[in-house]
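Before any comments, here is the structure.
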Amino acid sequence: MSSRFSVVKLGPPIEVFALNKAYLDDKYEKKVNLSVGAYRTDDGVPWVLPVVRKMEKNMACDETLNHEYLPVLGLDALSSAATKMLLGPESSALSEGRTIGVQTLSGTGALRLGAEFLARHLNYRTFYYSIPTWENHKLVFLNAGFNDPREYRYWDPKNRNIDFEGLIEDLKAAPEDSVIILHACAHNPTGSDPTKEQWMKIADVMEEKKLFPFFDSAYQGFASGDLEKDAWAVRYFVSRGFEMCCAQSFAKNFGLYNERVGNLALVLKDSQSLPQVKSQLTLTVRGMYSNPPNHGGRIVAAVLNNQELYGEWTDCVRVMANRILSMRSGLKERLQRLGTPGSWEHITEQIGMFSFTGLTPRQVEHLVNEYHIYLLKSGRINMCGLTTKNIDYVATAIHETVLKFPE
Ligand code: LMR
């Protein structure tokens with residue numbers, strides 16, 4: 001008798017993790033990892049933020065801590081501080097008590113919980129994501145109960161900029177009550193955010209068409225180096241009176257990738273439905289994973305709630321943002337000096353962790369196979385994978401590849 005499992009079909013690999021593994025398995029000395037979005041120091045190694053290490057040492061010695069379950073919705077000290085960091089301490093939504101924060105399994109968990117709540121309790125079925133977007137948005141929303149995935153135009157590859165007309169056209173054509181996934185800042189993968197004026201126009205259309213904003217905030221601090229500036233779009237939508245969800249991740253800005261620390265922030269029009277919404281979120285979490293883990297959440301909560309630690313942390317965020325900026329200008333300068341065909345201005349115009357290089361799939365394949373430089377097929381590179389030691393090698397490789405395989 002054949003196995004009951006023989007009916008299962010092989011699923012496609014997850015590109016970003018497959019590339020990361022291929023890089024790790026590669027024995028070539030000069031290999032470079034520009035794939036997964038994770039910070040690296042100038043020595044090309046992961047960085048445990050000093051403030052995080054300090055907290056971990058304190059926690060290890062703190063005999064009052066134990067391993068009891070957290071509440072289903074997580075640590076209140078985390079979710080309220082995270083929501084405040086997103087909306088700003090002056091937010092009227094906070095002072096009017098019409099927000100909810102839930103500690104989640106990083107940003108992905110927040111997306112999943114928010115989407116499941118919207119599908120189950122508000123009956124939303126249609127969602128829109130930008131083309132391109134983070135590859136997981138679609139899967140998360142489908143798994144959460146949405147069944148009508150749709151795309152809105154975002155990128156104009158010719159001008160290497162936002163296709164704003166296309167974006168507005170697609171939002172205008174969206175049916176009422178569609179959920180629109182918006183990247184709060186440092187759009188992944190393009191590194192190009194709407195201007196303030198463009199955000200205002202997006203809000204106008206969404207208000208007029210009764211579309212529901214679901215922000216994904218995975219890079220607060222990485223776009224400008226400033227947490228306040230990076231929250232502008234979300235705060236603007238709140239000031240316009242939108243109800244919304246926002247998924248926050250602390251993977252990148254705290255370097256807590258594998259600890260899965262996130263927050264789902266909900267903003268409601270008034271506080272009346274708050275207890276009901278909270279009770280249903282509680283049941284959704286209970287039915288999925290019961291309650292979140294403690295370690296990373298406790299670190300983030302401690303840092304966000306202590307002025308001195310907060311200062312140490314924002315210094316770290318600036319260190320990361322600045323290193324990325326210097327790699328951006330370094331790569332652009334080198335390509336320009338080499339006379340690599342095409343314009344490379346977009347490398348410094350884009351912001352956040354990624355650059356959407358414009359390299360073609362053929363060029364990407366060549367970089368991976370010939371130079372052992374790992375990047376996504378879309379041409380996205382993680383700027384943090386560049387260091388002062390490998391940047392010449394990468395620039396030369398891109399130069400030779402573009403000459404060999406012109407667009
Ligand atoms: C990325 O975009 O590389 C990261 O967010 C990792 C992931 O989960 O895809």
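Values below: every heavy atom of this structure, side chains too, minus hydrogens, waters and symmetry copies. Indexing begins at 1, ligand by ligand and atom by atom, following the structure's order.
- Between Asp177 and Lys210, none of the side-chain N atoms (NZ, or NE/NH1/NH2) sits under 4.0 Å from a carboxylate O, so this pair counts as no salt bridge.
- Of all protein heavy atoms, the one lying nearest to atom 5 (O) of ligand 1 is Lys252 NZ, 3.0 Å.
- Environment of NZ in Lys229: sparse, with no more than 12 heavy atoms of neighbouring residues, nucleotides or ligands closer than 6.0 Å.
- Near Val16, with a cut-off below 4.0 Å to any heavy atom, the atoms of ligand 1 are 3 (O), 9 (O).
- For the pair Lys31 and Tyr23, the cation-pi criterion (under 6.0 Å, within 45° of the ring axis) is fulfilled.
- Contacts with ligand 1 closer than 4.0 Å are made by side-chain heavy atoms of Asn188 only, the backbone lying farther away.
- The side chain of Arg380, and not its backbone, has at least one atom closer than 4.0 Å to an atom of ligand 1 (non-hydrogen atoms only; side chain from C-beta on).
- What sits closest to atom 6 (C) of ligand 1 on the protein, heavy atoms only, is Val36 CG2, 3.9 Å.
- Salt bridge Asp226/Arg318: absent, no basic N to carboxylate O contact under 4.0 Å.
- The shortest N/O to N/O separation between Ser35 and ligand 1 does not fall below 3.5 Å.
- Looking at heavy atoms from C-beta onward, Arg323 lies out of side-chain contact with Leu325 at the 4.5 angstrom threshold.
- Counting heavy atoms under 4.0 Å from ligand 1, residue Met353 does not touch it at all.
- Looking only at side-chain heavy atoms (C-beta outward), Asn188 and Arg380 come within less than 4.5 Å of each other.
- The shortest N or O to N or O distance between Phe354 and ligand 1 is not below 3.5 Å.
- Close contacts between ligand 1 and Trp134 involve ligand atoms 2 (O), 5 (O), 7 (C), 8 (O), 9 (O) [criterion: under 4.0 Å to a heavy atom].
- Looking at ligand 1, you won't find any N or O of Glu135 less than 3.5 Å from one of its N or O atoms.
- Classification of Glu165 and Arg153 as a salt-bridged pair fails, no side-chain N sitting under 4.0 Å from a carboxylate O.
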